[in-house]
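Source: prediction; values computed, not measured. Quick note on labels: first sequence line is chain A, next is B, and so on, each numbered from 1.
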Amino acid sequence: MSTRYNARASEPKWQKAWDEHATFRTREGAEAEGKPKYYVLEMFPYPSGKIHMGHVRNYTIGDVIARYKRARGHNVLHPMGWDAFGMPAENAAIERQTHPAKWTYENIATMRTQLKGMGLAIDWEREFATCDPEYYWHEQELFLDFLAKGFVTRKKSYVNWDPVDNTVLANEQVIDGRGWRSGALVERRELTQWFLKITEMADALLAGLDTLDRWPEKVRLMQKNWIGRSEGARVFFPLVGADSGAKLEVFTTRPDTLFGASFCAISPGHPLAVKLAESNPAIAAFLKEAALTGTTEAALEKVEKKGVDTGLKALHPFIEGHTLPVYVANFVLMDYGTGAIFGCPAHDQRDIDFARKYGLPVIPVVAPKDLASADRDAFLKEVAASAEAFTGDGIAVNSGFLDGLDVTAAKRAAIEKLEALKLGEGTVNFRLRDWGISRQRYWGCPIPVIHCPECGIVPVPHDQLPVRLPDDVTFDQPGNPLDRHPTWKHVACPKCNEPALRETDTFDTFVDSSWYFARFCSPKSAKPTERAAVDYWLPVDQYIGGVEHAILHLLYSRYFSRAMHQTGHLGLDEPFAGLFTQGMVTHESYKGEDGRWLFPEEVKFTNGEPVHVKTGERVTVGPIESMSKSKRNVIDPTSIIDEYGADTARWFILSDSPPERDVQWSEAGAEGAWRFTQRFWRLVTGEPEGLAAMGAPKPACFDDAAMALHRNTHRSLAAITDDLENLRFNRAVARIYELTNAISAFTPGTDVDAARWARREAIEFMVLAAAPMMPHLAEECWKELGHKTLVVDTAWPVADASLLVEDTVTMAVQVNGKRRDELVIARDADNKTIEAAALALEKVEKAIDGKAVRKVIVVPGKIINIVV
RNA sequence: GGCCCCUUGGCGAAACUGGUAUACGCAGCAGACUUAAAAUCUGCUUCUCGUAAGGGAGUGCCGGUUCGAGUCCGGCAGGGGCCACCA
């Protein structure tokens, strides 16, 4: 009997059943023997309070993969945890007078319940939060191992100081001169900080990208650009008029243009500039001015290139006796290369802007290849007089021993000469900086070292780990609560037993998320990792998350894997074999008459016009944007799950848009998905013609109608399988719609048994194929069909290859590339037969219009093109 | 400024390595059932000429390669992403 499917009653029932059967408990050892492993991981959430639609999309995608792989006979690891350290917990502590731990664990409890309500196939036994002492203890172990291996350094450096969050930020966390979280303008401060020497692995991280063939090209490119490898040379310009023997060290990617050099310039942050400023008021004033300039894009665009002459002269390495003026210039960056450049105005736009302003020579030394000598002279004259630099390829001119060489050869020759003269060397420079991991915050993993006045830096001995966060801290004043805690930092030096101080900085939270995927393999281990476990499970076969982590998190994790490989905690370098970056969930935004943003539930549509539910005022529909609290265009997943059920939410989020693209959440679309779950249920329960008994033998022969459905079922299954393998969920959804349409439209022929059998097969396949996406509904249907087992324990059906091809094919017939008719013909017909049949078609004959046929192209099974 | 991506009906989108463009869904229109509504079912829905049969145009724009281009190549326009005074 057909009744409505009641998701609210059904979903908790099946979640309980999976729980009781320990269905998603990971199988290990003998139980897993003979099965290939598959590790599916979604980027773990920050416990901010409640789940949002982005989480629903992320975890639905992962869940479909986990369930599909499980049905395909894989031993699946699909865990969940919490990226639980970080600033919001401290901000909440300040705002609500609560403890960060309390706030965090309460959020985790809420979000865990919400995620469980989605019916995710997760092994909850492996759950942990990065703020669990059990977890950060092992992070401290790792750090000490890194320290012993020399991966860690402590150095005084200029740091990005966020004045709102009162902490240091990594370069990666500064976006357009502002803190990535607070949005505050970042200041430069000099502090002593802990660093992980990620730059030492820059080349390895770059080379590794080429092996990641299951990563999006876009992400690999972003990482490549971020690492920013450039080959070039260091050039040492001897300084005249400074201390004897002093040399200015410069980095360049164009040593071939050295003969075109007309000045040198150093950054306002350069030690030489700082030193000169002590005795030169003009330079001091210039440094002050430069420090005031913002680093935002807008500020940089407005600022003109300025400099001040230091009066120093640099000796040209190749031209005997020739000197270049040395400037301090505002466009030279301290933290790229050596903080000093040589300027070659003819072939660099910034340099020519600078040269024109200060009346410096412009000497062209590269000319395009294959120019006649008169044309070349004209070209050189033009460049010398121009305001535009020539940055193209060519050959060296006016360059002494380099003349006639192309750019690449000239670079090589210039480097050889520099090395011979001991005035420079070939080198590789990276844009990537070392990773500063110190944070002056409470809610993070304590850095396990002790500062002893006698012994210096002393690692906390392993038997004294973990260094636990104290619970009794206050947030009533700015700064680090750990630093002002009355007792916590005072300890005896482990070496000399004299009074010493704990490090009060904590780790950047990106450290926590750089190895959690490895911890999931053995979350209860007394060591950071168990080699047997990580060797079995890693790499993660499919990692899923937002593109916003394309650089930071993924690069840090790749670095950590290499470091952990070298310390013996892991056996590989690349942790994520497959990466998928999903798009965002968007929604229309709404504005009231006074311009304030409105929540979707405050808006109703009458006759297509949006009005306010209560006041009836006119509402403007704003742009479709990523869901955000500020625009109020958010849909709470819980309200959707309460109203329609998790399956409907899962189904809708997978439909329509390809998963890598943004998907627009719409009320109409959600209702459509809900109508489909009902239709699906009716199809299973309300069979008009009846089904064959479960397990009934396949009839010996089928009539045409039954055979068509039988074929259709297998073709659909093959297509859905292929789509799921390639993460094309929107297409898999469309195929299931097509299959349900075919079942609805099925009219039995004369053979009643065949019809019932074919219909049962179609319905069972439909249920099994939809199960990864709508798991609860599938279980309910499966039971309705009389099965005593669970869908999750049922193997993925195999499509019968012999049913995928038909005896006849439909071919399009074109005349001069224009489709005129189609032809149904035997699949194995030879080209002659096909050609004759095509030419005999009435419409084709008409299109040929008596002209002579010049050529006939036959692509078997596809198309015939007749050229006249 | 550099590098990269995208552009297909009213909308989200399909179209495997060049081979019948618009599958599937949403929205819309018409009809059936119903006292009525909801729900459900059926049909139509790229544009255009035509009562129809049938014709013409059509994947952002211009050009090219090809028997054949949404797909490949060159240029342009619009939108987006990442990086950015990177030497």
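Classification of the A:W665-A:F652 ring pair by plane angle, with boundaries at 30° and 60°, yields perpendicular. Using a 30° and 60° split on the angle between ring planes, A:F765 and A:H714 fall in the tilted class, from 30° to 60°. Taking the six-membered ring where the residue is Trp, A:H347 and A:F390 present perpendicular rings, their angle passing 60° and hence far from 30°.
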Please determine whether side-chain contact (heavy atoms from CB on, under 4.5 Å) holds for the pair A:F680 and A:M766, giving the CA-CA distance in whole Å, both sets of side-chain angles, and the decisive distance to 0.1 Å. CA-CA 9 Å; A:F680 194 98; A:M766 173 187 86; 3.6 Å; yes
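Among the heavy atoms of the strands lying under 4.0 Å from A:E822 is at least one base atom, whether or not backbone atoms are also near. Looking at heavy-atom distances under 4.0 Å, A:R820 makes contact with sugar-phosphate atoms alone, never a base. As judged by a 4.0 angstrom heavy-atom cut-off over every strand, A:Y737 is placed among residues touching the sugar-phosphate backbone only. Using a 4.0 Å heavy-atom distance criterion, A:S655 is classed as making no nucleic acid contact. A:V733 comes within contact range of no nucleotide atom at all, as no heavy-atom separation falls under 4.0 Å. A:N429 comes within 4.0 angstrom of nothing in the nucleic acid, heavy atoms only. Residue contacts for A:T810: at a heavy-atom cut-off of 4.0 Å it reaches a base atom on one of the strands shown. Within 4.0 Å (heavy atoms only), A:K862 reaches at least one base atom of the nucleic acid.
Between A:W674 and A:D662, the residue anchored closer to the 5' end of RNA chain B is A:D662, taking for each the nucleotide with the nearest heavy atom. Between A:A812 and A:A734, the one whose closest nucleotide on RNA chain B sits nearer the 5' end is A:A812.
Within the 4.0 Å cut-off from OP1 or OP2 of B:rC16, not a single side-chain nitrogen or oxygen of A:R728 is found. The side chain of A:K818 contributes an N or O atom lying less than 4.0 Å from OP1 or OP2 of B:rA57.
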What protein N or O atoms touch nucleotides 62-72 of chain B N or O atoms at under 3.5 angstrom, if any, and at what distances?
unit_1 : atom_1 : unit_2 : atom_2 : d
B:rC67 : O2'    : A:N865 : ND2    : 3.0
B:rC67 : O2     : A:N865 : ND2    : 2.6

Using a cut-off of under 3.5 Å, enumerate the N/O to N/O pairs linking the protein to nucleotides 40-46 of chain B.
unit_1 : atom_1 : unit_2 : atom_2 : d
B:rU40 : O3'    : A:R682 : NH2    : 3.3

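Both tests pass for A:R431 against the ring of A:W226: distance under 6.0 Å to the centre and angle within 45° of the axis.
A side-chain contact (heavy atoms from CB on, under 4.5 Å) with A:T257 is found for exactly one of A:C344, A:S399, A:P364, namely A:C344.
A:R819 and A:E822 are joined by a salt bridge, as a carboxylate oxygen and a charged side-chain nitrogen come within less than 4.0 angstrom of each other.
Counting atom types as modelled, A:K218 pairs no side-chain N or O with a base atom of B:rC4 as donor and acceptor under 3.5 Å.
Side-chain N/O atoms of A:N741 and A:R679 include a donor and acceptor closer than 3.5 Å.
Look at B:rG9: its glycosidic torsion is within 90° of 0, and that puts it in the syn range.
Rounded to whole Å, the P atom of B:rU71 lies 12 Å from the corresponding atom of B:rG18.
In this structure, the side chains of A:R682 and A:Y5 stay at 4.5 Å or more apart for every pair of heavy atoms.
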